[in-house]
Amino acid sequence: MEENIVRIQFPDGQVKEFPVGTTVAKVAEVISLSLRKNAEAGKVDNQIVDLSYELNRNASLSILTQDSEDGIHVLRHTSAHVLAQAVKRLYGNVKLGIGPVIEDGFYYDMKLEQSLNSDDLHAIEKEMEKVINGNFEIQRLEVSYDEAERLFEENDEPYKIEILKGLPKGEKITLYKQGEFIDLCRGPHLPSTGFIKAFKLTRVSGAYWRGDSDNDVLQRVYGVAFKNKKDLEQHLSFLEEAEKRDHRKLGKQLELFMFSEEAPGMPFYLPKGQIVRNELERFSREVQSSAYYDEVRTPFMMNQELWEKSGHWDHYHENMYFSEVDNTKFALKPMNCPGHMLIFKNNLYSYRDLPIRLAEFGQVHRHEYSGALNGLLRVRTFCQDDAHIFVRENQIESEIKQVFNLIDQVYRTFGFDYSVELSTRPEDSLGDDALWEISETALRNVLDTLNVDYQLNEGDGAFYGPKIDFHIKDALKRSHQCGTIQLDFQMPEKFDLTYVNEKNEKVRPVVIHRAIFGSIDRFFGILIEHFAGAFPLWLAPVQAQIIPVSKVHWDYCLSIQKELEKLGVRVKIDDRNEKLGYKIREAQMQKIPYMAVVGDNEVKEETINVREYGEQRSKSESFGDFKNKVVQQINERSL
RNA sequence: GCUUCCAUAGCUCAGUCGGUAGAGCACUUCCAUGGUAAGGAAGGGGUCGCAGGUUCAAAUCCUGUUGGAAGCUCCA
C-alpha cells in the first residue's frame, strides 16, 4: 500500500499524499482549478519539470506559474521553440542550432539560406502569432538514442545530430513536439503554445555554431518575452530610455566628444567634454592627495625589453601597439605598472617609508578588436586613474581598507550604488602559497570588518594575485565594473623590488594595483548615461546661461558674468539676436543647470530670474543669493 | 578579427523603376527689439565614405576597401 503513494511537500510546508504516477498537472488541479489553468510547469526537488511529469517518489513540489522567475524561464524557452517553428514554416532549408533562454528573453540559432533583416522579423513575428493562436499542445516524447538519430537524419538536422552525439548514450532522449514542429530539448515547456502572451523579436545577428569561429556561421534571432503585455511594454520603454541616454548620441548632441576615421576607437574630446574630464581629474586629485598619494607621470612609450621583463610581452602583446625608432623596438604602454616599478626602483626605501602610493592619470593604448569598440565604453586608448601602492605584508589590510574608503567616497559623490566581488586564486596562479593565503585573508578581513556584502568568485582572480572588483549601478540599474583593487606578487619579483627592513635586510614589498574610475573615458560614458546628459552642477560644461531679454540688458549681464567667473563659475551669455523663448529652449536642450533671465525688472532690482534645468517655472532671486548658492553647490559637488 | 546590417549638407533624415540630389535644424545676411521650449524673409553649403567595375547613363546594380551599429569572439 505504501508503495502506491507518494508524499509531496508544498512550498508552504504542507505534505499531501498522491497515488504514484500522478502528474504535476493533476496535483495543480487538486489544489485549485485556477492554479491548474495558470500552471506552466512544476519544480520537483528544485528541478523544473513539465506539467506532464509523473510523480514517482516523495518529493517537494511547487507549481510554477508565469508569476515566478522559473515560470517565465519556461515561457521564454517555449518562445524560442515557437520562433524556430515560425522560421521553419517561412523559409525553406532551415537547420536548427540551439535556442536557449537569456536575460529578458531568448534566441534561436539557425542556418538559413537567405540572410534575415529586421523586416523579416515582422514576418516571423506574424507567423509566431499564428503558432501561438493555434494553441498547439506541447508534447514531451521520450525516445531512444537511435530513434532520435533517425528522426533528425530524416529531418536533415546536422546540428541536432551533433548535439545528440554529445549526450550520454543509453539515456532516454527527450523531444518536444508542437504541431508539425519537433525539437531535441531537455525541456521543460509550457503545456501549449497559447500560454505565450507577450513577446517581440528584437534583432538578428550572426553567431558561430557552438561559439567557435572555425565553425559555421548561423543566424541568431533574438527576442524578448514576458508574462504579460504590461511587462513587455515596460521592458521596451526601458530600452527606449536606454537609447535616449546613449552616450554616443548625447556626446554628439552636447558636443562632448567625437570620433574620426583617422583614429578608430580613439576619442577626441571637444571643449565641453574636456571640461567634464578635467573636473573628474580634479576631483580625483583632491581625494587622492588627501589620502597621501603622490602623482607621477610615465612615458607613453617604453622599449620592448621592459615589456618582456614585465611579462606583458608574453601575455598581452597581441593587444599592444609597437613602433621601431633608431633600431630599437618600442611599445605603447597598455598598462602603467612597469613605469611605476621603475620609479620605485629609483630610490632605496626604508620600511618606514612604506606605503609608497604612486598615482598617475595614465594614458594607455590597447588594441581591441574592431568589433569590440563601443563609444567611450570600449576604446583603444584611454586614461586610467591608476595607482600602485607598495606596502609591507603587514600593511596590506589597513591599506586595502583605506582604498576601499576612497572608492566609497568617490562613488557616493556621483550617487552610485555599487556591489563588490572578491576573486580568489585561480588554478594557473603564480607565487608563494603563504603570500596568497595572507592576501586573500586580508581582502576578506577588510570586507568583513567594513561589513560589506560581497560576491565570492572562487578561482577568478588574476594569476598574479587576488582582487576586489567594484560594480557600480547606474540610474537604469545597469551594472558596470569600474574600480578594482588587486594584489600583485609578480611585479615586485620581476623587477626585483626591495625595501630595507628593521634588521637592515632587503625585503620584497607587495604591490597593490588600484583604480577608482577605472578608465576615465569609460566612466565619463557611464556618467553621461547615468545623468542622461544633465550633469550635476560641478560637472556641467556650462553651469549657468545668462539670457538677456534684450540688448539693453547686456551690460548688466556682463557684470554678473564677470562676478561669477571670478568665483570660478562657468557662465555664458546668450547674446544672440533671438527671442527669449528660443534661448530658453536652446539652454534646456543643452541641459544647462541654471538659466538666468535678465530684463528690466532684474536690472532695476539687482536680481535675476532663475529657471533650473528641467523645470517649467522660474523664480526671481537676488543675485547675491544666487551667487552664494551656486558656489556652495559647486564646492560641495552636490547632485 | 568573424557574421549581418548601415554610410547622402555641420546634425537628423528623404531620394520610387538606374536618367549626375532634397527637407528640417544649424550657418550667413536682412527685417522684427522680444519676458520663459523654435518670429519672418532671403542666401550659402553635397565628387552621395573611398577605389574599381557593369551601363549610353550609377547616390541607386556588382566587387573591393574604410568607418560605424548589433551580435559572436577576446579581455594576462
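A, B, ... follow the sequence lines: proteins, then strands. Residue 1 opens every chain.
Separation of the P atoms belonging to rG64(B) and rC5(B) is 13 Å when rounded to the nearest angstrom. If you take atom C1' in rU55(B) and the same atom in rC17(B), they sit 15 Å apart, rounded to whole Å. Comparing the P positions of rA38(B) and rG44(B) gives a spacing of 28 Å, expressed to the nearest Å. Distance check on atom P: rA23(B) versus rA42(B) gives 12 Å, rounded to whole Å. Spacing of P atoms, rG52(B) relative to rC13(B), comes out at 29 Å, to the nearest Å. Going from the C1' atom of rU33(B) to that of rG40(B) covers 14 Å, rounded to whole Å. Across rU60(B) and rG39(B), the matching C1' atoms stand 40 Å from one another, rounded to whole Å. Comparing rA70(B) with rA58(B), their P atoms sit 35 Å apart, to the nearest whole Å.
Residue Ile584(A) places its side chain closer to rU36(B) than to any other of rU66(B), rU36(B), rC74(B). Of all nucleotides listed (rA76(B), rU66(B), rA70(B)), rA70(B) comes nearest to the side chain of Arg248(A).
A centroid separation of 6.0 Å or more is found between the aromatic rings of Tyr316(A) and Trp307(A). Residues Tyr464(A) and His513(A) place their aromatic rings such that the two centres sit under 6.0 Å apart. The aromatic ring centroids of Phe344(A) and Phe495(A) lie 6.0 Å or more from each other.
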Task: Under the 3.5 Å Watson-Crick or G-U criterion, the dot-bracket string of RNA chain B, with | for inter-strand pairs - done: (((((((..((((.....[..)))).(((((.......))))).....(((((..]....))))))))))))....
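Using a 4.0 Å cutoff on non-hydrogen atoms, the parts of residues 364-375 of chain A near RNA chain B are Tyr369(A), Ser370(A), Gly371(A), Ala372(A), Leu373(A), Gly375(A), ordered by number. For RNA chain B, the neighbouring residues in residues 599-608 of chain A, judged by any heavy atom under 4.0 Å, are Gly599(A), Asp600(A), Asn601(A), Glu602(A).
No hydrogens or angles were tested; on distance alone, nothing pairs the side chain of Arg203(A) with the base of rA70(B) as donor and acceptor under 3.5 Å.
Distance, Tyr222(A) OH to rA69(B) C1': 14 Å, rounded to whole Å. When rounded to the nearest whole Å, the span between CZ of Arg378(A) and P of rG67(B) equals 18 Å. Put simply, CG on Asp460(A) is 12 Å from P on rC75(B), counting in whole angstrom units. If you measure from atom NE2 of His247(A) to atom C1' of rG68(B), you get 13 Å, rounded to the nearest angstrom. The CG-P distance, from Leu201(A) to rG71(B), rounds to 16 Å in whole Å. Following rounding to the nearest Å, Gln616(A) (CD) and rA37(B) (P) show an atom-to-atom distance of 7 Å. Distance, Gln490(A) CD to rA76(B) P: 15 Å, rounded to whole Å. Computed from coordinates, the Trp209(A) CH2 to rU73(B) P distance equals 13 Å when rounded to whole Å.
A 4.5 Å side-chain heavy-atom check between Gln234(A) and Phe226(A) finds every atom pair outside the cut-off.
Between Lys583(A) and Glu586(A) there is no salt bridge, since none of the side-chain N atoms of the basic residue sits less than 4.0 Å from a carboxylate O of the acidic one. A salt bridge is defined here as a Lys NZ or Arg NE, NH1 or NH2 lying under 4.0 Å from an Asp or Glu carboxylate O, and Glu360(A) with Lys333(A) meets this definition. Using a 4.0 Å cut-off between a side-chain N of Lys or Arg and a carboxylate O of Asp or Glu, Arg425(A) and Asp433(A) qualify as a salt bridge. A salt bridge links Asp183(A) to Lys160(A): at least one charged side-chain nitrogen sits closer than 4.0 Å to a carboxylate oxygen. Residues Lys551(A) and Asp575(A) are not paired through a salt bridge, judged by the lack of any N-O separation under 4.0 Å between the basic side chain and the carboxylate.
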Distances for protein N or O near nucleotides 10-12 of chain B N or O, under 3.5 Å:
from: rU12(B); atom 1: OP1; to: Lys252(A); atom 2: NZ; distance (Å): 3.1

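Among Tyr107(A), Tyr108(A), Phe199(A), the one residue that satisfies the ring-ring contact (aromatic ring centres under 6.0 Å, His included) test with Tyr222(A) is Tyr107(A). No option in Leu564(A), Leu537(A), Ile592(A), Ile275(A) other than Leu537(A) meets the side-chain contact (heavy atoms from CB on, under 4.5 Å) test with Gln543(A).
Residue Gly465(A) is classed as having no contact, given no heavy-atom separation below 4.0 Å to the nucleic acid.
A donor-acceptor pair under 3.5 Å is formed between the side chain of Glu125(A) and the backbone N or O of Leu201(A).
By the side chain to side chain donor-acceptor pair (under 3.5 Å) test, Gln455(A) is found to be paired with Asn457(A), residues two or more places apart in sequence or in another chain being considered.
OP1 and OP2 of rU36(B) both lie 4.0 Å or more from every side-chain N or O belonging to Arg611(A). Close to rC2(B), at under 4.0 Å from its OP1 or OP2, lies no side-chain N or O of Arg220(A).
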Task: Sugar-phosphate or base contact per nucleotide [nucleotides 25-33 of chain B; S, B, -; heavy atom under 4.0 Å] - done: -SS----BB
- [ ] Check the pair Asp474(A) / His480(A) against side chain to side chain donor-acceptor pair (under 3.5 Å), numbers first and verdict last.
- [x] CA-CA 8 Å; Asp474(A) 72 13; His480(A) 309 267; 3.0 Å; yes
